[in-house]
Amino acid sequence: MAQVSYPFAVGRIRVLETRLLDSGKWARLREASREDAARLLAESGYGGGKPGAKAEPEQLIRAETEETHRVIAELSPEPAWTDLFLLPTDAHNIKAIYKGKVLGQDVSRLLVDGGTISPELLRICIENGEYSMLPPAFGAALEKEYPDLLRFSAAVDRAVFEHIRQVLKKKKNPLLSRYFEAQVDFTNVVSTLRAVRLHWDGEKLETVLLPGGTIPAETFPAALTVPAEGLSAALAKGENASAIGRVLGDYLQSGDITQAEQRFTEERIALLKNGDDSAFSIGPIVCYLMQRETEARQLRVLFAEKM
């Protein structure tokens with residue numbers, strides 16, 4: 001099969017972007033009952049839904065996400081780069097399978113297609129303790145023993161970013177390097193905000209921090225001891241200081257960590273768009289993927305509020 005060109009891929013993405021839920025659709029979904037909102041979502045074609053069919057929101061959301069991942073994999077001129085954005089699905093599946101193994105539970109309903117590794121292959125590898133078919137960073141994390149699931153989950157998250165580092169070392173892309181550095185910075189800031197809420201000490205916080213960002217490592221445990229009004233000044237460091245300052249300024253007013261996470265996602269999308277939005281860049285392709293995943297998270301929140 002011939003390699004897809006950037007202009008063709010970006011052209012297809014521009015068409016697909018027109019199917020994102022617009023403000024009018026969001027307004028109708030918010031005003032409707034849970035059942036009617038699910039019906040409206042299905043009738044719009046989201047998740048392969050059809051008029052008249054009984055719609056289950058989570059099934060629609062999962063189907064749309066998996067289809068988006070399939071399209072990205074099909075369209076990508078540089079799979080090595082777009083695959084980096086599918087790694088969270090692999091991480092989710094690894095955590096679920098490992099948890100099922102530890103607790104003796106059937107977690108098959110929790111597994112999601114659309115990552116870079118099939119859920120079945122992950123299940124076979126984890127259940128048999130054979131990791132040679134997985135990326136080295138994942139294998140190294142799985143070979144170790146952990147005192148609890150929190151530390152295992154943190155190790156998998158670190159393995160994701162170690163794998164990303166290894167890929168970008170071999171196949172350089174300055175825009176994606178900046179993007180993932182920003183993601184590490186933002187994720188560590190959110191982890192610190194949660195640690196403050198939960199009254200963690202610096203040692204516990206360090207177990208969940210990710211490597212590879214631009215904020216000095218000592219910044220995060222030091223921030224645990226500052227008063228709330230000083231968090232922005234304490235954490236707005238590194239190459240993404242201005243974005244962190246903007247988000248934390250709003251966070252100090254709202255106190256809503258979920259909203260802060262969403263704002264950081266918007267900052268990451270903006271970084272990609274501002275970096276290179278041309279028809280010869282990976283930026284528009286991964287921006288569409290991120291917009292769809294943001295949409296999925298917002299839909300889950302909307303339907304949860306209607307329970």
Any side-chain to backbone donor/acceptor pair from [X] onto [Y]? Under 3.5 Å, distance only.
X	Y	result
Glu130	Ser132	yes
Asp36	Ala32	no
Thr225	Ala222	yes
Ser76	Ile72	no
Asn188	Leu210	yes
Thr187	Val184	no

May I ask whether [X] and [Y] are part of the same hydrophobic cluster, defined by side-chain heavy atoms of I, L, V, M, F, W, Y residues being less than 4.5 angstrom apart, directly or through others?
X	Y	answer
Val112	Val160	no
Leu103	Tyr98	yes
Leu149	Ile126	yes
Leu205	Phe264	yes
Leu134	Tyr146	yes

Gap between atom [atom2] of [Y] and atom [atom1] of [X] - 0.5 Å precision:
X	Y	atom1	atom2	answer
Arg12	Tyr288	CZ	OH	9.5 Å
Arg178	Leu272	CZ	CG	9.5 Å
Ser44	Leu21	OG	CG	6.0 Å
Leu150	Lys204	CG	NZ	6.5 Å
Glu295	Leu302	CD	CG	11.5 Å
Leu111	Ile94	CG	CD1	11.0 Å

Minimum heavy-atom separation for [X] to [Y], with atom names?
X	Y	value
Thr265	Met290	O-CE, 4.2 Å
Thr89	Asp113	CG2-O, 4.0 Å
Ser232	Leu252	CB-CD1, 4.2 Å
Ile97	Pro119	CD1-O, 3.8 Å
Ala38	Pro57	CB-CG, 3.9 Å
Pro88	Leu84	CD-O, 4.1 Å

Taking only Lys NZ, Arg NE, NH1 and NH2, and the carboxylate oxygens of Asp or Glu, determine whether [X] and [Y] approach each other closer than 4.0 Å.
X	Y	result
Glu64	Arg292	yes
Arg268	Asp185	no
Glu305	Arg30	no
Arg263	Glu266	yes
Asp148	Arg151	yes
Arg39	Glu43	yes
Glu78	Lys171	yes

Next on the checklist: For Asp90 and Thr116: C-alpha separation, side-chain torsions, deciding distance, then whether side chain to side chain donor-acceptor pair (under 3.5 Å) applies.
Outcome noted: CA-CA 7 Å; Asp90 295 329; Thr116 68; 2.4 Å; yes
Would [X] and [Y] count as having a side-chain donor-acceptor pair, cut-off 3.5 Å?
X	Y	value
Glu162	Gln166	yes
Thr214	Glu181	no
Lys237	Thr219	no
Arg297	Thr294	yes

Less than 4.5 Å apart, any side-chain heavy atom of [X] and any of [Y]?
X	Y	result
Pro221	Asp201	no
Thr192	Leu224	yes
Glu206	Phe220	no
Glu67	Val71	yes
Phe152	Leu142	yes
Asp83	Leu86	yes
Phe8	Leu75	yes
Asp157	Val208	no

Crowded around [X] [atom1]? As in, over 12 foreign heavy atoms under 6.0 Å?
X	atom1	answer
Glu218	CD	yes
Arg70	CZ	yes
Lys99	NZ	no
Glu239	CD	no
Glu35	CD	no

Next on the checklist: Would Tyr131 and Phe138 count as a ring-ring contact (aromatic ring centres under 6.0 Å, His included) here? Give the steps.
Outcome noted: CA-CA 8 Å; Tyr131 311 121; Phe138 287 165; over 10 Å; no
Checklist entry - Should Leu271 and Leu175 be marked as a side chain to side chain contact (heavy atoms under 4.5 Å, CB included) after you check the CA-CA gap, both sets of side-chain angles, and the distance that decides it? => result CA-CA 8 Å; Leu271 189 154; Leu175 174 61; 4.0 Å; yes
Item to check | Chi angles and distances behind the side chain to side chain contact (heavy atoms under 4.5 Å, CB included) call for Phe303, Leu41 | outcome: CA-CA 11 Å; Phe303 282 104; Leu41 192 63; 4.0 Å; yes
Next on the checklist: Using side chain to side chain contact (heavy atoms under 4.5 Å, CB included), reason through Arg158 and His163 one step at a time and then give a plain yes or no.
Outcome noted: CA-CA 9 Å; Arg158 285 194 292 271; His163 179 65; over 6 Å; no
Next on the checklist: With a 6.0 Å cut-off on the ring centroids, do Phe85 and Tyr179 count as close?
Outcome noted: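 Centroid distance Phe85-Tyr179: below 6.0 Å, so yes.
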Item to check | Candidate pair Glu74 and His69, rule side chain to side chain donor-acceptor pair (under 3.5 Å), full reasoning | outcome: CA-CA 9 Å; Glu74 178 184 283; His69 286 199; over 6 Å; no
Next on the checklist: If you apply the rule side chain to side chain contact (heavy atoms under 4.5 Å, CB included), what do you find for Ile215 with Leu235, and how did you get there?
Outcome noted: CA-CA 8 Å; Ile215 301 174; Leu235 291 170; over 6 Å; no
